[in-house]
2 protein chains.
Amino acid sequence: MFRLCKALAPKQQWVACIYTKRSSSTTMSSWLEKPIKGVLLDITGVLYESGEGIGTVIPGSVEAVEKLKANGIPVRLVTNETCATRTAVINKLQVHGYKVSEADIFSPVPAVVAILKARGLSPHLLVHPSIEDEFKDVIKDSPSCVVIGDADEAFTFENMNVAFRTLMTMNKPTLFSLGFGKYYKHKGILQLDVGAFASALEFACDVKSEIVGKPSPQFFGAALSDIGIKAEEAVMVGDDIVSDVGGAQKCGMRGVLVRTGKFISSWESHSYVTPDFIADSLAEAVDRIIEAHKK
Amino acid sequence: MFRLCKALAPKQQWVACIYTKRSSSTTMSSWLEKPIKGVLLDITGVLYESGEGIGTVIPGSVEAVEKLKANGIPVRLVTNETCATRTAVINKLQVHGYKVSEADIFSPVPAVVAILKARGLSPHLLVHPSIEDEFKDVIKDSPSCVVIGDADEAFTFENMNVAFRTLMTMNKPTLFSLGFGKYYKHKGILQLDVGAFASALEFACDVKSEIVGKPSPQFFGAALSDIGIKAEEAVMVGDDIVSDVGGAQKCGMRGVLVRTGKFISSWESHSYVTPDFIADSLAEAVDRIIEAHKK
C-alpha cells in the first residue's frame, strides 16, 4: 500500500536556504542530551552502498535498524531515490536482509503524484524511464508542469531542451523537482544528481523548483507525522550533508552524517552545515543513540 | 590578427546581478539625448538569424552597419559565440555582406586563453569540438580549471559528469564560463545556452563561474577601450535582454533590444531589465541613432 504524503502543502517551495553555521557551543557530545523518539534514515549510502546489481550492504546497518526497533525507537526511511520504483527499492533492501515494508518508506514519486492530482496538473516528465509508469494516471495531452527526477542517463541534451521548451510555453512555468541533491555515488563514482539539472532549468526559465523530497520540510514532516513525534525528538541519519543533515537541522531535527556512501572528508569542516554528530557508519550512530536511550 | 582583451581582470566574476528596474523617468525617448560615440553589436540575432548552413541575413542590418561607419560612429561586435572559431564567424559574416574583420570582434575564446596563460592554468574543456584547437597552447597533462562554453550537443550526461568530477578533484574548484546566456535560437527553435549548464556545475560544486564574455563588465570594457570611449557614450544592441541589454546597462551603457533573433514578446515588460529602446531590428535602431547624431 502506498502511503501518500498528505502533509505536503500544495505550493511548497524550498528555496536555496541560507544556513546558519551552528555555533561552537553546539558540540558533538550534546546531541544525545534530549530524548530520541524516532529515527529517520536515508537509504543509499546508509543502508547499502550502490554498485553493480543491488550494491553491497554496509556492515552493521541491518543490525543497527533492528537494534533501534528492539529498543522501541521507530524508524522511517526517507529517500530521494527516483531511479527505481518504491517496490524495487524494498525488494533490494529485503535481499540485503532489511525487514522493511513499503509503508516504512517516504519517497518523492507518490508524493508528487498526489500533488499533481490535487492541483489538476498534467506533467511533462524528465525522470528515469523506470518510474514513468507511476505517472500514468496524471498524464494528459498537454503538459501544464514539468517534473524532473534523477533521470540518470536520460539527462541528454535533447531531453533537457525539450523540458526547457515545455516550461517556456507556459504562462507561469511550474517545475517540480524530486529532491534537489547535488550528486551521489553511482557504481563507486560521483555522479550529478537532479538538483544540478533542475538548477539549469531554473536559471534558463527564471523559475524556482517546487521541491518534493529532501530537504523539503514538508517531506520530512510527513515522516515525522507518521511516527507521531516532533522534529526535536527525531534524528536524521544520512550521507548527504546538505539534503540530509542540513535539511533535517533546518526542520529542527538533529542531523547525523555518516562516513559511508558519498561522504567526502572535506565535509568534516563544511562551510555552512555542521552535523550534530559524524559517525563512521549507521552502526556507530545507533550504538550512541541506544546507549543514551538506556540511561 | 587576434586582439586579446587585455582589460580582462584575472579574477573577474560576474555573479547573478541584482538589477534595479529603471524608474519610469528613464523613458524610451530619452536614450538619444546624450551623444553616441560608438555602438557595440551582438552578432547572432542582430546581424543574421541562425538556421541551416550560415543562416539568413536580417534585412537592413548590413546597410545599418555601413550607415554607422559612414557617419563616423565606430562599431565593434561583441559575441558570446563559442560554437565556431572567430575566423569561421568572420567568414560567415562576410558571405552575408558585412565588411568586418577579426579585429572588430570581441569573443570569449581568445580572452579566456589569455587569462589561462597569465594565470598558468591548464583547462579541462567542455566546449564545442570546433574550438578545442584554440586551447592547444594551454592544455597540459593535469587540469587545474574547467572551461565551459556553448558545447551544444557535446553537453552530454557523460561530459557534464566528467567536468563535475574534474572540479571536485580540485582544492579550489575554478570554473570559467564563456558567457552565461540562458538560451538562444538554433535552427529556429530555442535551445539551452552555456549559462544553464554552468549553473548546474556551480550548484553541484558550490562554485561561482568566472564569466568571460557578456555580461562581464570587463568584456564590454575591452571593446569600449578599443574604440576609446566611455560607457556612457556607447549603445549596445542585442537580442538577449539579460546578457546584452541588462549587462550593458549595468556597465553604464545604453541597452537597445531588437525584436529579431531570440526576442520573445514577454520581454517587452521583463521583470528586471527595462531596455532603453526596443527596435524592430538593427535598422530601426540605427536610423534613430543617425537622426539624433545629425541634429
Side-chain angles (χ1 to χ4, degrees), chain A residues 16 19 126 128 148 150-173 177 180-207 209 241-242 262 264-267 270-273, chain B residues 16 19 126 128 148 150-173 177 180-207 209 241-242 262 264-267 270-273:
Chain A
Y19 286 94
L126 179 49
H128 196 279
I148 185 170
D150 176 18
D152 194 61
E153 294 191 358
F155 277 133
T156 63
F157 184 61
E158 177 59 17
N159 286 348
M160 283 291 288
N161 273 298
V162 173
F164 154 68
R165 286 193 287 266
T166 303
L167 285 167
M168 291 294 284
T169 62
M170 298 172 189
N171 280 337
K172 188 186 172 304
S177 186
F180 213 80
K182 290 173 183 287
Y183 49 85
Y184 60 99
K185 219 169 193 173
H186 180 69
K187 298 180 182 174
I189 56 172
L190 294 183
Q191 184 161 297
L192 289 166
D193 200 359
V194 60
F197 295 95
S199 293
L201 295 178
E202 286 190 345
F203 171 78
C205 304
D206 275 324
V207 64
S209 303
I241 192 150
V242 176
K262 65 183 167 189
I264 53 175
S265 58
S266 64
W267 289 352
H270 191 269
S271 59
Y272 57 92
V273 180
Chain B
Y19 287 94
L126 178 48
H128 196 279
I148 185 171
D150 176 18
D152 195 62
E153 294 191 358
F155 277 133
T156 63
F157 184 60
E158 175 61 15
N159 286 349
M160 282 292 287
N161 273 298
V162 173
F164 154 67
R165 286 193 287 267
T166 303
L167 285 167
M168 291 295 282
T169 63
M170 298 172 191
N171 280 336
K172 188 185 172 306
S177 186
F180 212 81
K182 291 174 182 288
Y183 50 84
Y184 60 98
K185 218 168 194 174
H186 179 69
K187 297 179 182 174
I189 56 172
L190 294 183
Q191 184 162 295
L192 289 165
D193 200 358
V194 60
F197 296 94
S199 294
L201 295 178
E202 287 189 345
F203 171 77
C205 304
D206 275 324
V207 64
S209 303
I241 192 150
V242 176
K262 65 183 167 188
I264 53 176
S265 58
S266 64
W267 289 351
H270 191 269
S271 59
Y272 56 93
V273 180

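Lettering follows sequence order; numbering is per chain, from 1.
- Within the 3.5 Å criterion, the main-chain N or O of Leu190(A) finds a donor-acceptor partner in the side chain of Arg165(B).
- Met168(A) contributes atom CE, which lies 9.5 Å from atom CG of Leu192(B) (distance to the nearest 0.5 angstrom).
- In terms of modelled atom types and a separation under 3.5 Å, the side chain of Lys182(A) and the main chain of Cys205(B) share no donor-acceptor contact.
- At a 4.5 Å heavy-atom cutoff, Asp193(A) makes no contact with chain B through either its backbone or its side chain.
- In this structure, Thr156(A) and Phe155(B) have side chains that are not in contact, with every pair of non-hydrogen atoms separated by 4.5 Å or more.
- In this structure, CD in Gln191(A) is found 8.5 Å from CD in Glu158(B), a value given to the nearest 0.5 Å.
- The candidate from Ala200(A), Ala154(A), Ala151(A) with the greatest count of non-hydrogen atom pairs under 4.5 Å with chain B is Ala200(A).
- The candidate from Gly181(B), Ala204(B), Ala198(B) with the greatest count of non-hydrogen atom pairs under 4.5 Å with chain A is Ala204(B).
- Neither the backbone nor the side chain of Asn159(B) has a heavy atom closer than 4.5 Å to any heavy atom of chain A.
- Applying the ring pair (Phe, Tyr, Trp, His ring centres under 6.0 Å) criterion to Tyr183(A), with sequence neighbours excluded, gives Phe164(B).
- Here Phe157(B) and Phe157(A) keep their ring centres 6.0 angstrom or further from each other.
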